[in-house]
Each structure stands twice: as structure tokens, then as C-alpha cells.
Amino acid sequence: MADRLDVGIIGLGVMGQRMLARLASHGTLRATQVWDADPQAVARTLAAYPQLVAAADAQALIATPGLASLYIATPPGPHMALSNRAFDSGLAVFCEKPLTVDFASARQTIARIDREGHRAAVNFSLASSPGLAALQDAWAERPHGLLGVPQAVGIELAFAAWPRPWQSAAGAWLSERHEGGFTREVLSHFVFVLQRVLGRAAVQSSKPAYPSDGPGAETALAALLHAGGLPVTVKAAIGGDQDDVNRMTLAGSGGEIELREWFGVGRRRHGQTWTSLGDPAALRASGQAEQLTQWVAMIEGRPHGLPGYAEALAVQETIEALLAGA
Ligand SMILES: NC(=O)c1ccc[n+]([C@@H]2O[C@H](COP(=O)([O-])OP(=O)(O)OC[C@H]3O[C@@H](n4cnc5c(N)ncnc54)[C@H](O)[C@@H]3O)[C@@H](O)[C@H]2O)c1
């Protein structure tokens with residue numbers, strides 16, 4: 001394993017800043033070069049991290065000698081073009097979800113990755129989480145173990161406001177129908193978990209609610225999917241008094257397992273009380289640390305658990321089908 005892997009970051013908004021903070025204490029991955037289309041975002045970043053170098057533009061960053069990987073934290077629009085420019089330079093790419101809303105370009109990029117053997121992964125934060133591993137274990141033990149015979153999946157999301165308070169500095173795109181909205185932004189994480197554990201989901205019915213005028217993103221979504229032979233119900237809405245409520249429950253004849261508030265995990269046999277897999281903050285910390293470990297493995301060409309572009313596109317195809325309504 002390398003002692004040090006230099007990372008360039010394009011996109012210095014909410015997620016770019018979060019990743020910079022996580023990388024600051026990492027032993028191997030080191031952010032060195034940054035760039036953002038907004039000069040003020042670059043200036044703010046250099047004020048907080050004076051050791052970083054601001055590239056002249058995206059191409060100059062990608063061409064920096066010695067760079068091992070590019071992290072892309074722009075809105076979805078430029079993800080494919082930036083990925084392809086990074087592949088031209090032989091970089092390993094870690095790209096934010098949603099992969100893209102341009103499926104033709106994603107398919108061309110995936111074909112290129114396969115043909116030329118590029119290293120690429122997408123940042124679904126639950127990919128390295130203890131909760132996903134617990135769901136996979138419970139699923140693998142069926143029809144025995146905690147679940148018995150699996151019966152249904154339920155996903156519930158609620159937001160006091162959209163965007164959530166911690167994303168209030170994000171661009172207008174996040175509130176708009178074309179690239180933003182909670183279905184792409186939040187539900188996609190749970191559809192990723194669903195498809196990783198149960199296999200590809202098919203949308204049976206979907207009713208997104210949109211504002212009656214303007215480009216605003218969805219305000220509610222009610223849907224029924226099928227995955228792994230089970231019905232999957234989705235209920236999501238802006239409303240209530242909590243910033244970010246999320247819950248994904250996999251229930252069977254013997255018991256159920258639930259992801260709660262992102263990294264929390266509860267399990268119970270029917271008739272018994274819930275037990276927790278651990279403190280949610282500790283589970284979050286271990287999931288985020290593991291994500292960086294997996295990124296290092298991806299850069300070094302070793303096996304890793306991060307979703308590739310094809311898996312991320314399969315998530316996005318399900319998400320866009322939900323948003324289209326059925
Ligand atoms: N994995 C997660 O848990 C998670 C959480 C939040 C957001 N995200 C994803 O991260 C991405 C960024 O979201 P955000 O909340 O940071 O958005 P943001 O609006 O806060 O930041 C995006 C930044 O990208 C810059 N930018 C836009 N177009 C660019 C281009 N062509 N080249 C260079 N810079 C460009 C903008 O100036 C801005 O600074 C999105 O894809 C979003 O869905 C992922």
C-alpha cells in the first residue's frame with residue numbers, strides 16, 4: 001500500500017467541504033489540488049486550507065503530475081464529462097451521486113470503463129456502513145435467522161424543509177426538478193441499499209407531487225416497487241418538524257431489521273423489543289472511515305465495496321422512473 005495518495009477535488013460546495021474535513025485527518029489520502037467554477041468557493045476553501053493549491057481550471061487540476069485520484073463533488077450535470085477527462089489522464093475517480101441524469105452519456109462512460117479498465121466509484125455513503133452489512137447478513141440467512149421468510153420492505157422519508165438546513169448553502173439546482181429534489185438526493189441512498197441487498201427493483205406505481213408552477217422539485221412521493229420478490233413501499237414528503245427523518249425496514253415472518261436516521265440500525269424478533277447494533281454516531285464514524293479505506297483500495301486497484309458506475313446508473317434508472325410517475 002502507498003504511504004500517500006494525492007487527491008484533487010472539483011466542486012467545493014457543501015460536499016466538497018465535508019470531504020475536505022474528512023480527508024484532513026486521513027493517513028494516506030491527501031487533498032492537494034482544488035478547483036470550483038465559482039472563484040468565491042475557491043477563495044473560501046484556500047482561506048480554510050492554506051496548504052491546498054488552486055488549479056487554473058478543471059483540466060489543469062486533472063493534469064497535475066502525481067495526482068492519484070479525482071473526487072467530483074459538483075452537481076450531477078458535469079459528472080460524466082469530468083470523469084472522462086480524468087480517465088484520459090489515468091486517474092481513479094470517486095464521483096458523487098447521483099451519477100448523472102444523462103443516461104446515454106453514462107452508458108458510454110460505463111462501456112469505456114469496462115473496455116479500458118478504469119478505476120471508478122460513486123459515493124453512496126451507506127456503501128461502507130455497518131447497517132448495509134447487517135441487512136446483507138439478515139438477507140443471506142433467510143428463511144432462517146432473524147427474518148425468517150422475508151415479507152416486505154418499507155422506506156419512509158420526511159423533511160421539515162427542502163433543502164435541509166445543512167444544505168442551505170448549496171446551489172439552486174438542489175431545489176429544482178431537473179437535477180435536485182429529495183428522491184435523487186436522499187431516496188437514492190436507500191434504493192442503492194435495496195438493490196445491493198435484494199437485487200434490481202421494478203417500479204409498479206409511483207405518484208410524485210410537484211409544485212403547480214415553476215421548476216421546483218417534488219414535494220411528496222408515494223410508490224410501490226418490487227425487489228427480490230418482495231413489495232417495497234415508499235412514502236416520502238416535505239413536512240413535519242424534524243429536519244431529516246429516514247427509515248428503511250426489511251420485515252419477515254420472524255422479525256425485522258431497520259436502518260434509522262442514516263447509520264442507526266435496529267433489529268427485533270416479533271414480540272420482542274428493538275435492539276440496536278450500536279451507537280448511531282459510532283456507526284456513522286466507522287462507516288465514514290471505512291469509505292476512505294475502500295477509496296484507497298479502489299485507487300490501488302484492489303477489490304473494494306464501493307459501487308461502480310454501472311451499479312450507480314441502475315440506482316438512477318430506478319430513481320428517474322419513480323420521478324417520472326407510473
Ligand atoms: N454522498 C452524500 O451523502 C451526498 C450528500 C450531499 C450531496 N451529495 C452530492 O454531492 C454533489 C454536490 O452537492 P453539494 O450539496 O455539495 O452542492 P453545492 O451546490 O453545495 O456545491 C456544488 C459546487 O460545485 C460547483 N460547480 C458547479 N458546476 C461546476 C463545474 N462544472 N465545475 C466545477 N465546479 C462546479 C459549484 O460552484 C458549487 O461550489 C451532488 O451530486 C450531490 O447530490 C452527496
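We count ligands from 1, going down the list as the structure has it; atoms in each ligand are counted the same way.
Taking only nitrogen or oxygen atoms, main chain and side chain alike, Ala37 reaches within less than 3.5 Å of ligand 1. Here's the thing with Leu174: none of its N/O atoms is less than 3.5 angstrom from an N/O atom of ligand 1.
Checking Val122, Leu82, Val14 against atom 15 (O) of ligand 1, the nearest heavy atom belongs to Val14. Looking at His79, Arg18, Glu96 and measuring to atom 1 (N) of ligand 1, the nearest heavy atom belongs to Glu96. Of all the listed residues (Gly16, Ala73, Ala58), Ala73 holds the heavy atom that lies closest to atom 12 (C) of ligand 1. Among Gly77, Pro75, Ser188, Pro76, the residue whose heavy atom sits closest to atom 24 (O) of ligand 1 is Pro75.
Listed by number with element, the atoms of ligand 1 under 4.0 angstrom from any heavy atom of Ile10 are 33 (C). In the vicinity of Gln167, heavy-atom distances shorter than 4.0 Å reach the ligand 1 atoms 6 (C). Under a 4.0 Å criterion applied to the non-hydrogen atoms of Gly11, ligand 1 contributes the atoms 24 (O). Short contacts between ligand 1 and Ser125, defined as distances under 4.0 Å to a heavy atom of the residue, involve ligand atoms 3 (O).
The shortest contact between atom 21 (O) of ligand 1 and any protein heavy atom is with Gly13 CA, 3.3 Å. Atom 17 (O) of ligand 1 has its closest protein heavy atom at Trp173 CZ2, 3.4 Å. Nearest protein heavy-atom neighbour of atom 39 (O) of ligand 1: Asp36 OD2, 2.6 Å. Among protein heavy atoms, the minimum distance from atom 31 (N) of ligand 1 is reached at Pro78 CG, 3.3 Å. For atom 16 (O) of ligand 1, the nearest protein heavy atom (residue, atom name, distance) is Met15 N, 2.7 Å.
Only the side chain of Glu185 comes within 4.0 Å of ligand 1, counting heavy atoms alone; its backbone N, CA, C and O stay farther away.
The side-chain contact (heavy atoms from CB on, under 4.5 Å) test with Asn246 singles out one residue from Glu156, Glu261, His189, Arg260, and that residue is Glu261.
Side-chain atoms of Thr249 and Glu258 include a donor-acceptor pair closer than 3.5 Å. Using modelled atom types and a 3.5 Å distance limit, the side chains of Gln167 and Arg164 yield a donor-acceptor pair.
Heavy atoms of Trp35 come nearer than 4.0 angstrom to ligand 1 in at least one pair. Not a single heavy atom of Gln17 sits under 4.0 Å from any atom of ligand 1.
Every side-chain hydrogen bond (donor to acceptor under 3.5 Å, both in side chains) that Ser69 has, sequence neighbours left out, goes to Trp295.
Aromatic ring orientation, Phe94 versus Tyr71: tilted (interplanar angle from 30° to 60°).
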